[in-house]
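For reference, the structure is listed below as structure tokens.
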Amino acid sequence: MTHDAVSSRHPLPEEYLSQLNPSQQEAVIHNGSPLLILAGAGSGKTRVITTKIAYLISCKGVDPHSILAVTFTKKAALEMAERARFLEPAASRTQIKTFHSFGAWFLRLYAAEAGIDRNFTVYDDEDSMTLLRKAVPSLTKPEAAEFAHKIALAKDYCLAPDSPDLGTVSTHESFSCIYQAYQDRLRSTGNVDFGDLIMLPVQLLQNNPAVKQHMHRCFSVIMVDEYQDANTAQFLLLQQMAGPDTYICVVGDDDQSIYRFRGAEVQNILNFPRQFPGTTLIKLEQNYRSTPQILKPANEVISRNANRFDKELKAVRHDGEIPVLTFLHSQYDETSFCAEIIAQAHEKGVPYHDWAILYRTNIQSLGFETEFLHRKIPYTIVGSLKFYDREEIKDVTAYLALLANHRDEIAFERVINKPARGIGDKSRLKIIAAVRAGASPEQPPDLLQASPELPGLALPAKAASGLKEFNSLMKELAAYLEQGQQKQIPLPVEQLASEAAGRQSAPLPRTEQLSYLIQQIIEKTGLAEYHNAHDEIAGTQRFENMQELANSASLYPLSTGGLLDFLDHIELDRTLEQNESSDTDAVTLITVHNTKGLEFPRVILTGMEDGIFPRQGKNDEEIEEERRLFYVGITRAKDMLLMTSCRTRNRFGKTDEMMPSPFLLEINPGTVKLLGEIPLVFKRNPGNNQTGTEHPLASVWKKGRKIYHDDYGYGWISSTQTLSGEFTITVQFENGLEKRFLPEYQKNLLTPADEL
DNA sequence: GACAGTGAAATTTTT
DNA sequence: TTTCACTGTC
């Protein structure tokens, strides 16, 4: 249910303004100079942005169409739109988009100027890698993965293949050539990758004054949420979009910057006042979400970071329960501990949806799924369900992508022989070569025109008949699309109006839904039988998954426009729409990254072990980012926080001994309650009032302890020392060598079983 | 060109 | 432990 249903109760501006604290009000009312709002976790950031949108429209007379609000996730965009609409109905005409969907919209508007196909689709990482291997066949798979990642990173920094700064991304001598080859191949498909969605608009705005002017006229207000996670390309996009009269307002929290690996630059938010002269800075430090007991460890932990704006969250709420930390023997104990706590609380009336299980890596969700299924505890996994990455789903979407853009080589390769039509590797390459040979700048390659009659194409009889079959199949499918009228790509104003109108219109007749086309694809291509057969052998549910994909397209019209919207939706919002109706009472399983912007009454932060969280092999700067991630995790909790740490964890079928996460040592004793058996490393020296206590590792690696090292054999610890904060041990080996080791090398040191 | 058998790699985090 | 890519045979 949306808030529109109660539109008669939209609050008046003086009502919603009076609910804000002074800093929040100041942020809402501020106008003119650029504005940076530093909004701590739980400080009512979304409320400020949505109120600001409403205020600009109803009190400042700003045209809602000329307000652009940008977020990072679709979920955040939807929430923002809904809340703004609740405060001010006219806000439904505001452009609230993710960075990437804005880029996609922009590029469709200026496809010709950007040199891409107007019907482009977006290649995901897997497609990009496939394309790279086409462009540079000599690359092995891991090499291709590495370079594809570097290319994506280069685009995050808005660096072209010939950029002099490319060395900051990769110093490999051929990187520039490889990047260029990839780029050429990508342009020949007419499609774009994720990075292009930001980088191409930046380049177009930089080089085309007419486009830039048009954008400046279009938007008088630009707001960016979660600015701490903007990368360089996104910063440049904002800079280009900002005209002399544009009001710029960014909101973020440097302590919650957690996407460095994706090119996010904390410097963007730290440098904002310099990049936009005259900036007003407003800090929101009042935390309305969590109890003081939860904020205490959060503040303790984050204060260890050096590179940050100085600030501290202040609790508004009354006292609650002290957070709990528990050490468990194995990951199995961890899952059953969580299940048990949740089940017990449920018996006392705590709903399942009060709970969220947080973990560092997706793989950790597996154990919880197994346990919860077994115990019949309902759960939902947020994000990364990887629904759209499934083989059968990618098969169907490849057919769709090819129908949208006839130049899509990657989609063509995927489906030409799936299900099998007797067209093997050699024939496939021949067909593509023939199509490319027949293309010219005026006549771009059209893979739907691929037929055995193409000049210079000599195929074995089997492949030729297969291609003929494929050719007529695609013609038949394309005909369905033809029936739907070509939807024009409208200007922002028209599009928003039509979108708003579209939402309220009656459901489409079945044969006018995009679902109908997908249904036809599943049946007529033979994917139905193909995957049905697999289902019977492997007990999977690929056929149902394809049906689900078809169903999810029922709101899209059967037209090229509808198809493009649908494919954008798939590529730009990978989180499957889950029925968030309040009648589904379920525990949330979620990665810490995915919790950004979310809150839960009860949070369990799991896998608090060294090597897992923080992940191993992190340098100092990366440790700071991991620490911010830990901070994000803690600050999601409203009423109750639990942390679990396991002594052993199974990886690759082996059982590894784990150490507690060093982050746990950064929380002062007394800030958390320890539950159950406490490992040696966590015991402070009893009766010894030396405040610093010994290094936590010292109780495990004691003098005299016998050890075994992979390279040096048996030995014993002759002394231990803490050198500039690093705990080290000196080992006397039986072969006479004496070696000193840093903690990170201690994983090579195995203690013989009899010692344990 | 399709399939079965073998060996190595796999786990960040996401738009 | 599981999964995926590669190799060799039919």
Side-chain angles (χ1 to χ4, degrees), chain A residues 70-77 97-104 122-126 128 133 140-142 144-145 149 152-153 155-156 192-199 226 229-231 233-234 237 256-264 331 358-367 382-386 388-389 391 416-428 459-463 466 530 537-538 568-575 590-597 607 609 611-618 622 625-626 628-630 632-633 649-656:
Chain A
V70 186
T71 66
F72 279 82
T73 66
K74 191 90 153 214
K75 192 171 178 156
K97 284 185 171 304
T98 65
F99 260 114
H100 289 88
S101 67
F102 172 78
V122 182
Y123 281 145
D124 64 17
D125 291 348
E126 189 192 325
S128 294
R133 293 196 78 184
T140 65
K141 183 128 190 259
H149 177 240
L153 209 55
K155 291 186 174 187
D156 287 341
V192 300
D193 58 20
F194 274 122
D196 284 344
L197 289 174
I198 311 297
M199 184 162 135
E226 307 279 12
D229 284 322
N231 58 38
Q234 287 161 335
L237 182 60
Q256 293 184 70
S257 176
I258 53 174
Y259 284 106
R260 209 176 95 104
F261 67 93
R262 207 174 68 186
Q331 61 193 29
L358 275 51
Y359 36 79
R360 177 64 179 79
T361 63
N362 281 303
I363 191 82
Q364 292 166 258
S365 73
L366 268 175
V382 173
S384 105
L385 223 183
K386 302 262 157 88
Y388 298 113
D389 288 340
E391 180 186 339
I416 179 68
N417 198 37
K418 195 167 190 182
R421 296 185 184 92
I423 302 170
D425 286 352
K426 283 202 178 142
S427 301
R428 196 185 58 211
L459 292 175
K462 217 165 133 193
Y530 180 89
I537 301 163
D568 272 0
H569 158 78
I570 288 179
E571 286 307 330
L572 304 181
D573 180 24
R574 312 305 300 273
T575 54
I590 190 167
T591 62
V592 188
H593 279 90
N594 260 324
T595 63
K596 193 171 73 165
E609 296 125 41
I612 300 281
F613 197 174
R615 251 195 98 70
Q616 63 200 29
K618 295 284 180 183
E622 289 166 328
E625 171 133 331
E626 295 275 317
R628 289 193 289 268
L629 192 57
F630 182 42
V632 167
R649 195 165 280 278
N650 289 14
R651 292 148 110 193
F652 311 134
K654 275 209 210 94
T655 304
D656 288 343

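Residue numbering restarts at 1 for every chain, and letters A, B, ... go by the order of the sequence lines. All of these numbers come straight from a predicted model, not from anything done at the bench.
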A:Arg651 and A:Asp656 ion-paired at < 4.0 Å: yes

For A:Tyr259, report the nucleic acid contact type (base, sugar-phosphate, nothing); a contact means any heavy atom under 4.0 Å. sugar-phosphate

Taking the six-membered ring of A:Phe72, is NZ or CZ of A:Lys596 closer than 6.0 Å to its centre and within 45° of its axis? yes

Describe the nucleic acid contact of A:Ala463 in one word from base, sugar-phosphate, nothing, applying a heavy-atom distance below 4.0 Å. nothing

Grab the two heavy atoms, one from A:Lys155 and one from A:Asp193, that are nearest each other, plus how far apart they are. NZ-OD2, 2.8 Å

How many Å lie between CE on A:Met199 and P on B:dT15, as a whole number? 21 Å

For a quick check of understanding: with a heavy-atom distance under 4.0 Å over all strands, which category does A:Asn417 fall into, base, sugar-phosphate or nothing? sugar-phosphate

What's the CG-C1' distance between A:Asn362 and B:dT12, to the nearest Å? 9 Å

Check the distance between B:dA8's P and A:Lys654's NZ and give it to me in whole angstrom. 14 Å

Aromatic plane relationship, A:His593 with A:Tyr259 - under 30° parallel, 30 to 60° tilted, over 60° perpendicular: tilted

Could you please name the option among B:dT13, B:dT15, B:dG1 that lies closest to any side-chain atom of A:Lys426? B:dG1

Salt bridge or not between A:Arg615 and A:Glu626? Use side-chain N to carboxylate O under 4.0 Å. no

In whole angstrom, what separates A:Lys141's NZ from B:dG7's P? 20 Å

Determine whether a donor-acceptor pair (one donor, one acceptor, N or O, separation below 3.5 Å) exists between the side chain of A:Arg651 and the base of B:dT11. no

Rounded to whole Å, please give me the gap between CG in A:Asn594 and P in B:dT13. 10 Å

Is the distance from OP1 or OP2 of B:dT14 to the nearest side-chain N or O of A:Thr591 less than 4.0 Å? yes

Report yes if at least one side-chain N or O of A:Ser427 is closer than 4.0 Å to OP1 or OP2 of B:dG1; otherwise report no. yes

Answer yes or no as to whether B:dT13 has its base stacked against A:Phe261, where stacking requires a ring-centre separation under 5.5 angstrom and planes under 30 degrees apart. yes

Between P on B:dT14 and CG on A:Asp156, what's the gap in Å once rounded to a whole number? 15 Å

Look at all strands and tell whether A:Leu197 reaches a base, only sugar-phosphate, or nothing, counting heavy atoms closer than 4.0 Å. nothing

A:Arg615 CZ to B:dA10 P, in whole Å, measures 12 Å

Could you work out the separation of C:dT2 and B:dT13 based on their C1' atoms and round it to a whole Å? 22 Å

Please report the distance, rounded to the nearest Å, between CD1 in A:Ile363 and C1' in C:dT3. 11 Å

